[in-house]
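Scroll down for the structure; my scribbles are underneath it.
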Amino acid sequence: MSLKSGKSLRHVPGRAPSRLRSPHAIGGLGVAVSAAVLATLAPATATASATDPDHDAGTGPAPASAVPRPERDWMGSTVTRHEETDPGATPRAPRAASVEGVDVSDHQGSVDWAALWDDNVRFAYVKATESTTYKNPSFASQYNGSFQQGMIRGAYHFALPDRSSGTRQADFFVANGGGWSNDGKTLPPVLDLEYNPYGATCYGLTASQIVNWVGDFTARVKKRTGRQPVIYTTTGWWQTCTGDSAAFAARNPLWLARYAATPGPLPSGWKTHTLWQYTSTGSLVGDHNRFNGSLSRLKALATG
């Protein structure tokens with residue numbers, strides 16, 4: 001999402017959690033030696049989960065800290081660093097064949113929803129959470145502001161699959177804005193899957209591990225909300241990090257990110273896209289999207 005206001009964003013470096021243990025005084029030399037040996041043999045993941053609230057034991061090495069700069073992570077924030085884009089491209093399909101929308105996060109602060117409405121924007125997605133420790137402080141004002149303007153709105157979760165399980169991140173998301181209500185004005189929850197902003201492209205996980213993680217997240221959201229979440233991704237990331245899995249195409253709508261005049265090739269299994277993020281340099285706010293259908297079809301998506 002392009003920052004139009006020129007706000008400066010601070011980088012807050014993380015600190016690696018200490019793995020040193022303090023000896024405890026225990027009566028008897030034999031007991032003390034046994035305790036020291038047990039402490040030495042304790043698995044690193046147990047220490048990691050105790051010192052890093054964003055990490056689940058058993059999911060691999062703990063990150064240096066829990067989400068050091070989430071205000072710089074938004075839907076599509078990693079795309080231009082990894083893929084060829086054409087920021088000035090205009091979608092070839094006319095607006096009349098689709099519905100215009102935006103996605104926003106905390107780095108934009110207050111949003112001029114009235115101006116966006118006048119520009120024919122009819123739906124909005126708002127970042128709610130990232131991993132299991134970050135909640136967008138602007139979520140309520142942005143989510144409610146778009147609704148009060150008359151837009152159909154929804155919430156998305158920025159995934160960090162190396163931090164904690166898909167189930168745990170889904171629970172955190174649903175509890176902090178990612179729910180769904182059958183009011184005709186609430187779009188299904190979205191799982192934002194893109195290039196790792198903190199390290200290895202695929203979060204240090206294998207394709208099968210990523211696929212299992214996504215399966216756990218989507219299943220939990222469906223159980224908690226009654227809706228299958230939309231999956232936001234790029235074709236390049238999906239091919240690289242899931243092995244171009246077709247496991248979700250039959251049940252999870254696709255939100256494709258590609259900054260060009262056309263959506264281009266889709267990930268395996270999907271016959272069409274439901275949403276398309278076609279630019280990160282739109283007017284008023286950076287990210288602009290199009291729903292692939294009429295306003296009545298968008299309302300049907302909201303209704304479920």
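Since the model is a prediction, treat every value here as computed from it, not as a measurement. The residues of the chain are indexed from 1 along the displayed sequence.
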Can you check whether [X] reaches [Y] side chain to side chain, under 4.5 Å on heavy atoms?
X	Y	value
S146	V104	no
Y232	L191	no
V102	W113	yes
P188	L301	yes

Donor-acceptor pair, side chain of [X] and main chain of [Y], under 3.5 angstrom:
X	Y	result
N252	P229	yes
D171	V174	no
D287	D103	no
T274	P253	no
T201	Y195	no
W276	R258	yes
S141	S138	yes

Ring-face cation contact, [Y] with [X], 6.0 Å cut, 45° max:
X	Y	answer
R163	Y198	yes
K127	F139	no
R122	W117	yes
R153	F123	no

Is there a chain of hydrophobic side chains (I, L, V, M, F, W, Y, each step under 4.5 Å between heavy atoms) that links W180 to L187?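 W180 and L187: separate clusters.
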Same cluster for V211 and V221 if Ile/Leu/Val/Met/Phe/Trp/Tyr side chains link at under 4.5 Å?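 Yes.
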With S208, which residues qualify under side chain to side chain contact (heavy atoms under 4.5 Å, CB included), at least two apart?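 Per chain and number, S208 pairs via side chain to side chain contact (heavy atoms under 4.5 Å, CB included) with T206.
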Taking all heavy atoms of [X] and all of [Y], pick out the closest pair and write down the distance.
X	Y	value
Q169	A159	OE1-CA, 3.9 Å
R227	P189	CB-CD, 4.2 Å
Q142	G109	NE2-O, 3.0 Å
F172	E130	CE2-O, 4.2 Å
S98	R290	OG-CD, 3.3 Å
G166	W213	N-NE1, 3.1 Å

For the CZ atom on R251, are there more than 12 heavy atoms of other groups (residues, nucleotides or ligands in this structure) within a distance under 6.0 Å?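 Count over threshold, so yes.
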With a sphere of 6.0 Å drawn around NZ of K185, does it hold more than 12 non-hydrogen atoms of other residues, nucleotides or ligands?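 Yes, because the 6.0 Å sphere around NZ of K185 holds more than 12 heavy atoms from other groups.
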Can you check whether Y125 and W255 have ring centres sitting under 6.0 Å from each other?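 Yes, they do, as the ring centres are separated by less than 6.0 Å.
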